[in-house]
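Shown next, in structure tokens, is the structure this report addresses.
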Amino acid sequence: MEKLSNPQVTIEVIKKYNFAFQKRFGQNFLIDGHVIEKIIKAADITKDDVVLEIGPGIGTMTQYLAEAAGKVYAVEIDKNLLPILADTLSEYDNVTVINEDILKLDIEELIKDEKGTLKVVANLPYYITTPIIMGLLENHIPAKSITVMVQKEVASRMQAGPGGKDYGALSLAVQYYAEPYIAANVPPNCFMPRPNVGSAVIRLTNWEKPPVEVNDEKLMFKLIRASFNQRRKTLQNGINNSPELNFTKEQVVDALKELGISENIRGEALTLEQFANLSNILS
Ligand code: SAM
């Protein structure tokens with residue numbers, strides 16, 4: 001079969017199976033082979049790799065992944081896509097399609113007998129980008145990297161450093177677990193149907209060891225959430241107003257003093273290292 005990245009082939013398959021796009025599943029299928037090649041290159045896929053693809057759709061990127069990787073597990077929630085995938089992936093014997101919600105799947109169990117290097121690759125359904133990525137990171141899925149298409153604005157937030165408007169809890173959470181790299185910007189006309197937003201390919205390379213030392217990760221993330229929940233307030237007020245935290249004003253002022261940070265600083269000015277140090281002092 002000619003590849004689905006040819007829009008004509010995608011249209012034929014959609015018609016043949018009378019497939020109706022489901023907005024609720026964030027279905028925007030890729031129709032551009034160059035973009036898929038860029039994703040495969042950014043993810044650095046080789047025959048030694050086991051790829052977990054989230055949401056294969058009709059199998060457009062899966063066809064490329066099957067050629068580049070040793071093994072592909074493709075997890076798709078929409079059962080209406082299963083007969084299509086059986087057809088479009090029939091030439092590849094190294095792909096296993098799993099009809100499951102990625103948020104419910106036990107990934108460790110799935111790959112427990114695999115010897116290759118795990119890499120996650122996906123054109124993500126945008127309505128659940130953050131839960132999917134944070135789930136993979138927080139659960140310490142043993143993947144070397146996560147290379148995903150996301151909304152352009154979300155990619156900027158993941159990569160942002162202190163001070164700018166994009167910097168926030170997502171930037172810090174992602175950067176605690178992984179090193180982000182934006183590999184490409186992708187316009188709406190590379191998808192069918194076209195999304196209303198611009199997209200970007202971002203690769204997150206998991207750190208072998210976190211870049212900062214933290215005694216109590218949960219506390220650090222509570223401090224981060226507290227300081228960005230009230231962006232316009234000072235860090236100190238954010239922490240004191242947080243229902244998740246129980247520090248006196250004095251404790252927070254003393255901790256900031258110990259770190260040599262101004263009492264009036266806003267959370268958005270603090271680096272990951274400063275949040276880690278603050279949390280170590282308060283813990
Ligand atoms: N990979 C295909 C491509 O690039 O053409 C499709 C990408 S489309 C943006 C997202 C895919 O994720 C859809 O096929 C959708 O049905 C699937 N999906 C949505 N929610 C999911 C979930 N919770 N678990 C697994 N797959 C999901």
Side-chain angles (χ1 to χ4, degrees), residues 1-14 17 19-40 42-43 45 51-69 72-89 92 95-107 110 119-136 139 141 146-152 154-155 183-184 186-202:
M1 176 192 265
E2 205 190 322
K3 282 212 164 72
L4 293 157
S5 49
N6 174 341
Q8 218 40 56
V9 178
T10 284
I11 290 168
E12 277 165 26
V13 166
I14 301 278
Y17 288 89
F19 177 74
F21 287 92
Q22 300 260 10
K23 231 182 169 165
R24 73 187 164 113
F25 288 144
Q27 292 177 340
N28 299 95
F29 299 159
L30 275 164
I31 44 165
D32 186 316
H34 297 295
V35 171
I36 299 174
E37 278 161 12
K38 275 190 200 166
I39 298 173
I40 307 266
I45 302 299
V51 170
L52 170 65
E53 186 190 10
I54 300 163
I58 57 172
T60 315
M61 184 155 66
T62 325
Q63 293 181 330
Y64 287 72
L65 289 168
E67 283 171 11
V72 181
Y73 289 98
V75 181
E76 175 54 61
I77 198 170
D78 185 355
K79 67 178 182 344
N80 291 333
L81 288 164
L82 299 185
I84 306 186
L85 287 165
D87 182 0
T88 59
L89 301 174
Y92 306 97
V95 181
T96 304
V97 175
I98 298 152
N99 183 208
E100 180 59 281
D101 177 345
I102 189 65
L103 296 176
K104 296 191 181 138
L105 184 74
D106 184 344
I107 298 170
L110 177 71
K119 291 176 180 165
V120 178
V121 182
N123 169 16
L124 285 179
Y126 292 172
Y127 74 105
I128 44 169
T129 301
T130 308
I132 291 177
I133 292 185
M134 289 319 299
L136 295 170
N139 293 324
I141 298 307
I146 300 167
T147 306
V148 282
M149 179 87 71
V150 297
Q151 217 173 304
K152 192 174 170 195
V154 176
V186 182
N189 63 6
C190 297
F191 302 86
M192 184 187 298
R194 292 181 185 193
N196 299 325
V197 291
S199 302
V201 178
I202 188 163

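First listed ligand is number 1; within each ligand, the first listed atom is number 1.
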Per-atom filter on ligand 1: closer than 4.0 angstrom to a heavy atom of V75 are 25 (C), 26 (N)
ask   = Going by distance only, is there an N or O of G55 that falls short of 3.5 Å from an N or O of ligand 1?
value = yes
Within 4.0 Å of some non-hydrogen atom of Q27, the atoms of ligand 1 are 13 (C), 15 (C), 16 (O)
Answer yes if the side chains of D78 and Q27 hold a donor-acceptor pair under 3.5 Å, and no otherwise. yes
Non-hydrogen side-chain atoms of L136 and I54 separated by less than 4.5 Å:
yes
- Item | Heteroatom proximity flag, D78 to ligand 1, N/O under 3.5 Å | no
Atom 9 (C) of ligand 1 has as its nearest protein heavy atom G26 O, 3.2 Å
Using a 6.0 Å cut-off, check whether atom NZ of K38 has over 12 heavy atoms from anything other than its own residue. no
Hey, is CG on D101 packed in by over 12 heavy atoms from elsewhere, all under 6.0 Å?
yes
Check for me whether M149 has a heavy atom closer than 4.0 Å to any atom of ligand 1. no
With a 4.0 Å cut-off on heavy atoms, is E53 touching ligand 1? yes
the protein heavy atom lying closest to atom 19 (C) of ligand 1 turns out to be F25 O, 3.1 Å
Are any of the side-chain heavy atoms of I102 and I107 separated by less than 4.5 Å?
yes
Counting heavy atoms under 4.0 Å, the part of I128 that contacts ligand 1 is side chain
To atom 14 (O) of ligand 1, the nearest of E76, R24, K79, M192 on a heavy-atom basis is E76
Near L81 (heavy-atom distance under 4.0 Å), the atoms of ligand 1 are 14 (O)
Looking only at protein heavy atoms, what sits closest to atom 4 (O) of ligand 1 is N123 ND2, 2.8 Å
*Got I36 and Q63 here, is their nearest side-chain heavy-atom distance under 4.5 Å?*
no
- Does ligand 1 have any atom that is closer than 4.0 Å to a heavy atom of M61? no
What do you reckon, does N28 have a nitrogen or oxygen under 3.5 Å from a nitrogen or oxygen of ligand 1? no
For L124, the ligand 1 atoms with a heavy-atom partner under 4.0 Å come out as 9 (C)
Atom 2 (C) of ligand 1 has as its nearest protein heavy atom P56 O, 3.2 Å
Q.
Show, in sequence, the C-alpha distance, side-chain angles and deciding distance for I141 and L52, and conclude whether the side-chain contact (heavy atoms from CB on, under 4.5 Å) test is met.
A. CA-CA 11 Å; I141 298 307; L52 170 65; 5.6 Å; no
Per side chain to side chain contact (heavy atoms under 4.5 Å, CB included), K79 is matched among I77, L81, L82 by L82
In short, side chain to side chain donor-acceptor pair (under 3.5 Å) pairs touching residues 123-133 with sequence neighbours left out are Y126-S199
protein heavy-atom neighbour closest to atom 21 (C) of ligand 1 works out as I77 CG2, 3.5 Å
Check your understanding: With a 4.0 Å cut-off on heavy atoms, does I132 reach ligand 1?
Key -> no
Hits for ring-ring contact (aromatic ring centres under 6.0 Å, His included) against F21, two or more places apart or cross-chain, chain-then-number order -> F19, F29
min-distance protein heavy atom vs atom 23 (N) of ligand 1 -> D101 OD1, 2.9 Å
May I have the step-by-step check of side-chain hydrogen bond (donor to acceptor under 3.5 Å, both in side chains) for Y64 and S5, ending in yes or no? CA-CA 10 Å; Y64 287 72; S5 49; 2.7 Å; yes
Nearest non-hydrogen protein atom to atom 5 (O) of ligand 1, with distance, is L30 N, 2.9 Å
- Judged by atom type as modelled, is there a donor-acceptor pair below 3.5 Å linking the side chain of E53 to the main-chain atoms of V121? no
**Asked** Going by heavy atoms, is L4 under 4.0 Å from ligand 1?
**Response** no
Exercise. Is a side-chain N or O of N28 found less than 3.5 angstrom from the main chain of P193, in a donor-acceptor match?
Worked result: yes
If we number the atoms of ligand 1 from 1 as shown, the ones under 4.0 Å from a heavy atom of E100 are 24 (N), 25 (C)
Ranked by distance from atom 20 (N) of ligand 1, the top protein heavy atom is Y127 OH, 2.9 Å
**Pairwise side-chain contact, I31 with T60, heavy-atom cut-off 4.5 Å (strictly under)** = no
